Amino acid sequence: MTKVAGEWGRVRQRLQAEVGEAEYRAWLRQMALGTVDGDEVTLHLPTRFLRDWVRSHYGERLNALWRSENPAIRRVDIRVGRSFAAADSESTLAEPAAGSPGAAACAANPQARPGSARLMESMDGRDAFGVMLEPRFTFERFVVGKPNEFAYACARRVAERPASFGFNPLFLYGGVGLGKTHLMHAIAWELAEQPSERWASVAYMSAERFMYRFIAAIRSQSTIEFKEQLRSVGVLMVDDLQFLIGKDNTQEEFFHTFNALVDAGKQIVVSADKSPSDLSGLEARLRTRLGCGMVADLHATTYELRLSILGAKAAAATAAVPSKVLEFLAQRITSNVRELEGALNRLIAHANLFGREITLETTQEVLHDILRAHDRRITIEEIQRKVAEHWNLRLTDMISSRRARAVARPRQVAMYLAKQLTSRSLPEIGRRFGNRDHTTVMHAVARVGELMERDAAFGEEVENLRRMLES
Ligand code: ADP
Ligand code: MG
C-alpha cells in the first residue's frame, strides 16, 4: 500500500501543479485513494456529480500521470464512495459561504449533533416517510440554462454540502412547472449517494401533506411522535409552501419544526410560487426566517432553454423528432416546462401508436388543442400592429389593397408571422388581412421564408420581430 500511496501522492501533486490551486480545490481536493486491484487503481469521490465531472475533465490526465509513475497501472477508475480520508475532516476545510443579507435576523447555524438517527439503510426511492421520489427528477436530467442556472447551482451546492452557512434554508421559488419539485427531488437523490449517513435521511413533502399529517397526528394524539420523526431527519423539504397561507395552526407548527431543525444543524429546503417577502399571507417571523439562507428563483423559460429541454427529452425517449418540430414546439408552447413535456409526450405516444413519422403536419394535427390554447397569447392584430410600427406604416396599411413594395412586403411579413405564431388557417389569416384569398397568404409565407434564407439581414429583422412578439 505504501508504494501505491506514494504514487498517489505524486500524481496528486502533479495534477495540482498542472491545474492550479483554485481548480484543484474546487474539483479534486476530495478525491481519495480507494483500492488497487491488479493493474487498476480506484479513486473515490463523495458524490456522483464530482465523480462525473472528474471523470470527464480529468480522467484521461489521471490515467496518463499514473502510468508515468507506474507503468504497470493500466487504468484509473473513479467512483463514488467513502475512503480512508474521512469526509468530515475534509469538510472543515470548506470555505464558508458569504453571509446572506438580513443575516442578523437569522440564528447561528451550529453543526448537527453527531450520530443523529437515520431512518433507512438506503433510500430505495422513498423518503424517510415513505414518499416516492420521482426517478426522472435527477440533476442529470435537469437541463440548465440562463433562467434556472442559479437555482440549479444552489440546489447542487446544498446536495454536496448540506447545511453550510448561507445556504440554509434554501428557498426556491418560481411559477408553475419551472422545475422546483424536480430540483428538490434531485437533491434527495443526490444525498442518498452521499457517503455521510448524516444526510441520507431526507423527508420530502408538499406543504399540503405536511398539514394533513399534522392534523392526523393531532387526531391520533401522536403529535410528539410526529415531531420526533420530523426532527430525526437530516434534511427536510417542504414543497409549495404557499399552501400554508391562511392555515395558521399549521404555519405555527411548521415554524417550530423549522427552528428546531435549523438549530440542530439540519438542512431545510422550501419551495413556493413567490419570494419569501411576497408571501404576504405568511406570518412575518416565518417569512423572515425563510429568507435567511439562500433565496433562488426560477425564471420563465427562454426559447433556447425550451429547445434544449425538448432536445434532451426527445433523446431520452429515443424518439426521432425532427429539429423543425422541436423548434416549432419551443416557439409555440411558452407557458412552462410541464406543458412542453406533455406536448412532446403526446406526440411521441401518437407516433408510436400509429407507427407514423413525426412531421410538422402531424404535430399540428395531434396537438391542435394545445396549440390553439396557446394562440391566445399572440393575436393577428398584435402582429399587424408590431409590423406596421416597425416599418412606420399605419395599421390600415395591413388590410389595404395598396401594392407598393414598401407596404406589400411588410404585409407579407405580417402574414408570415401570423402563420408562424398563431394556429389560424390560411383562409382565416387571409380574411383578417382585408379579405384576401388564402393563396395570397400561402404565397406570402413562401416568399418571406425564401427571402429570409437569401437575405441574412432581412431574416434577422423578421426573427427579431418574432422574438418581440413572443416575449
Ligand atoms: P414546479 O414544481 O416548479 O411546478 P416541476 O419540478 O414539477 O415544476 O417541473 C414540471 C415538469 O417539467 C417536470 O416533469 C420536470 O421534470 C420538467 N422540468 C422543469 N424544468 C426542467 C428542466 N430545466 N430540465 C428538464 N426538465 C424540467
Ligand atoms: Mg412542484
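Here the structure is a predicted model, which is why all the values come from computation and not from measurement. First listed ligand is number 1; within each ligand, the first listed atom is number 1.
- When each atom of ligand 1 is checked for a heavy atom of V176 under 4.0 Å away, the hits are 4 (O).
- Note that CZ of R231 is 5.0 Å distant from OG1 of T257, once rounded to the nearest 0.5 Å.
- Residue, atom and distance of the protein heavy atom nearest to atom 14 (O) of ligand 1 are E341 OE1, 2.5 Å.
- At a 3.5 angstrom cut-off on N or O pairs, G177 counts as close to ligand 1.
- Ring-plane geometry between F354 and H350 is classed as tilted, the angle between the planes lying from 30 to 60 degrees on a 0 to 90 degree scale.
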N/O donor-acceptor pairs under 3.5 Å from side chains in residues 334-348, not counting sequence neighbours:
unit_1 : atom_1 : unit_2 : atom_2 : d
T334   : OG1    : R377   : NE     : 3.0
T334   : OG1    : R377   : NH2    : 3.4
S335   : OG     : E339   : OE2    : 3.3
N336   : OD1    : R338   : N      : 2.8
N336   : OD1    : E339   : N      : 2.9
E339   : OE1    : H374   : NE2    : 3.0
E341   : OE2    : R136   : NH1    : 3.2
E341   : OE2    : K313   : NZ     : 2.5
N345   : ND2    : E341   : O      : 3.4
R346   : NH1    : V366   : O      : 2.8
R346   : NH1    : D369   : OD1    : 3.2
R346   : NH2    : D369   : OD1    : 3.4
R346   : NH2    : D369   : OD2    : 3.2

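- Residue pairs meeting the salt bridge (Lys or Arg N to Asp or Glu O under 4.0 Å) criterion with at least one member in residues 269-285, sequence neighbours excluded, are E252-R285, E283-R285.
- Among all non-hydrogen protein atoms, the one lying nearest atom 27 (C) of ligand 1 is V337 CG1, 3.5 Å.
- Geometric assessment of R156 against the ring of F139 yields a positive cation-pi assignment under the 6.0 Å and 45° thresholds.
- For K313, the heavy-atom gap to ligand 1 drops under 4.0 angstrom.
- Closest protein heavy atom to atom 7 (O) of ligand 1: R338 NH2, 2.9 Å.
- A salt bridge between R356 and E365 is present, with a side-chain N of the basic residue lying under 4.0 Å from a carboxylate O of the acidic one.
- Ring orientation note: the planes of Y204 and H185 are nearly perpendicular, at an angle over 60° on the 30°/60° scale.
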Hey, can you pull the donor-acceptor pairs under 3.5 Å for the side chains in residues 321-330, sequence neighbours left out?
none

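- Under 4.0 Å is where a charged nitrogen must lie from a carboxylate oxygen, and between R432 and E428 no such pair does.
- Residue-to-ligand polar distances place V143 within reach of ligand 1: an N/O pair is separated by less than 3.5 Å.
- Rounding to the nearest 0.5 Å gives a distance of 8.0 Å between OG of S220 and CD of E225.
- The shortest N or O to N or O distance between V144 and ligand 1 is not below 3.5 Å.
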Criterion side-chain hydrogen bond (donor to acceptor under 3.5 Å, both in side chains) on D77 and T42, from CA distance to verdict: CA-CA 5 Å; D77 192 23; T42 307; 4.8 Å; no

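- Checking only distances, L178 does come within under 3.5 Å of ligand 1, N or O to N or O.
- Closest heavy-atom approach to atom 2 (O) of ligand 1 within the set N345, T181, L183: this belongs to T181.
- The aromatic rings of Y152 and F142 lie parallel to each other, their planes meeting at an angle below 30°, with 60° marking the opposite boundary.
- The number of protein N, O or S atoms lying under 2.8 Å from the Mg ion (ligand 2) is 1.
- At a heavy-atom cutoff of 4.0 Å, ligand 1 is contacted by the side chain of N148 but not by its backbone.
- M211 places a side-chain heavy atom less than 4.5 Å from the side chain of I215.
- The closest non-hydrogen atom to atom 15 (C) of ligand 1, taken over E149, H182, R306, E339, comes from H182.
- Only the backbone of R141 comes within 4.0 Å of ligand 1, judged by heavy-atom distances.
- Of the protein's heavy atoms, G179 N, 3.1 Å lies nearest to atom 8 (O) of ligand 1.
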